[in-house]
Amino acid sequence: MNMTGVYKIKTHDQLKAIADPLRTKILMKLVKEAYTGQQLAEMLGIQRNNIYFHLKELEKHGIIQVVRKEEKNGIVQKYYRAVAGRFIPEDHLLPSADLVETSRQVFMETLEATRTKIENAPAESFALDSRNETRRKNIASTYRFHATEESFHAFVEEFRQLMNKHFTIQTSETADSQESVEEKGYYLSLIAFQDDDEKITN
């Protein structure tokens, strides 16, 4: 089974399999890269036996797959990967409280990953460029706006096209490709969701 762009969740059992907060964390890791159970246990700070239980549940329900095996010191290591970059439920599974909390967890994990990136980034990532005060090497902004659903989805599509037009998007498949001398690495975290709480200000 090859990794696809979108995988449709077809059963309640599949939905429950990814609703667990720890499994959501595991799945987010495996969407980006292939890891062994040992590597995931170390990254998430949990016992190896515990991680393998959750990996088996996700594999059983077709959410992840073994993409390769490597032998090390006589032990076969299995590398797991998500079967898709995005997971959406079929209509008959909606509405679902499990899915709402899983989606919320994905947003929280995205924020945590960004926080970790910021904490570990070198000082030069945040230094001002005195040679050109109007030129930015980073951005940190939040916006509140009103839009129709159609306008919002149109923006998301145009944003995706703009990213592809101006940037070389790094994936696990392109991570080893050579970048030009002029290119520098950037990390962009984008989060948007409907929120009608008028008490929130810019």
Side-chain angles (χ1 to χ4, degrees), residues 3-7 18-19 21-33 35 43-45 82 84-89 94-202:
M3 187 174 183
T4 61
V6 178
Y7 179 86
I18 65 173
L22 178 55
R23 290 178 196 163
T24 301
K25 292 182 179 182
I26 293 171
L27 187 57
M28 288 191 67
K29 297 288 185 186
L30 297 181
V31 162
K32 298 176 182 178
E33 188 58 82
Y35 293 108
M43 284 188 290
L44 298 174
R86 291 178 56 215
F87 295 83
I88 59 175
L94 300 174
S96 167
D98 285 338
L99 185 62
V100 168
E101 291 310 311
T102 298
S103 182
R104 191 193 305 272
Q105 183 67 30
V106 168
F107 276 70
M108 295 300 293
E109 289 299 318
T110 301
L111 284 173
E112 188 60 32
T114 301
R115 179 188 179 94
T116 300
K117 278 285 188 180
I118 293 172
E119 290 175 342
N120 295 330
E124 64 182 27
S125 297
F126 310 103
L128 298 177
D129 188 349
S130 59
R131 295 168 298 177
N132 191 335
E133 295 180 358
T134 63
R135 198 169 194 177
R136 299 294 304 271
K137 67 191 306 182
N138 53 45
I139 53 174
S141 302
T142 58
Y143 302 92
R144 180 169 178 79
F145 54 86
H146 292 273
T148 63
E149 286 192 22
E150 290 76 12
S151 294
F152 179 77
H153 290 302
F155 163 77
V156 172
E157 177 58 24
E158 289 178 20
F159 178 81
R160 184 187 65 80
Q161 294 177 7
L162 196 64
M163 290 279 289
N164 291 331
K165 176 183 177 181
H166 290 283
F167 308 138
T168 301
I169 307 300
Q170 183 173 324
T171 64
S172 59
E173 287 76 21
T174 63
D176 295 330
S177 61
Q178 291 288 335
E179 61 183 29
S180 69
V181 177
E182 294 82 10
E183 287 185 325
K184 301 180 185 298
Y186 288 85
Y187 183 88
L188 175 64
S189 178
L190 182 67
I191 292 178
F193 53 92
Q194 182 179 341
D195 190 330
D196 293 323
D197 185 355
E198 295 297 336
K199 291 182 291 186
I200 297 178
T201 58
N202 292 339

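Just the heavy atoms: all of them, side chains too, but no hydrogens, waters or symmetry mates, feed the values below.
The side-chain heavy atoms of Ile118 and Phe126, taken from C-beta on, include a pair separated by under 4.5 Å. Arg115 has its side chain within reach of Glu119: a pair of non-hydrogen atoms, C-beta onward, lies under 4.5 Å apart. Side-chain contact between Thr114 and Tyr187 is present, with at least one heavy-atom pair separated by less than 4.5 Å. Contact annotation: the side chain of Phe145 approaches that of Phe152 to within less than 4.5 Å [non-hydrogen atoms, C-beta and beyond]. In this structure the side chain of Val31 never reaches within 4.5 angstrom of the side chain of Arg86, judged on heavy atoms. At least one side-chain heavy atom of Phe159 sits less than 4.5 Å from a side-chain heavy atom of Leu190.
A distance of 11.5 Å separates CG in Asn138 from CD in Glu124, rounded to the nearest 0.5 Å. To the nearest 0.5 angstrom, Leu22 atom CG is 9.5 Å from Gln105 atom CD. Here the CE atom belonging to Met108 is positioned 12.5 Å from the OG atom belonging to Ser103, to the nearest 0.5 angstrom. A distance of 3.5 Å separates CG in Leu111 from CD1 in Ile191, rounded to the nearest 0.5 Å. Atoms OG1 and CD, from Thr24 and Glu109 in turn, are 8.0 Å apart once rounded to the nearest 0.5 Å. Atom CD1 of Ile139 is separated from atom OH of Tyr186 by 10.5 Å, given to the nearest 0.5 angstrom.
The 12-atom threshold is not exceeded at CD of Glu149, counting heavy atoms of other residues, nucleotides or ligands nearer than 6.0 Å. Around the CD atom of Gln194, the shell of radius 6.0 Å holds no more than 12 heavy atoms that belong to other residues, nucleotides or ligands.
In this structure, the side chain of Thr116 engages the main chain of Glu112 through a donor-acceptor pair within 3.5 Å. The backbone N or O of Ala147 lies less than 3.5 Å from no partner atom in the side chain of Ser151, so there is not a single donor-acceptor pair. Distance alone, capped at 3.5 Å, places no donor-acceptor pair between the Arg160 side chain and the Phe155 backbone.
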Exercise for review: Please assess Val6 against Phe87 for the test side chain to side chain contact (heavy atoms under 4.5 Å, CB included), listing each intermediate value before the final yes or no.
Suggested key: CA-CA 6 Å; Val6 178; Phe87 295 83; over 6 Å; no

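Residues Glu33 and Lys29 are not paired through a salt bridge, judged by the lack of any N-O separation under 4.0 Å between the basic side chain and the carboxylate.
The aromatic rings of Phe107 and Phe193 stand perpendicular to each other, their planes meeting at an angle above 60°, with 30° marking the opposite boundary.
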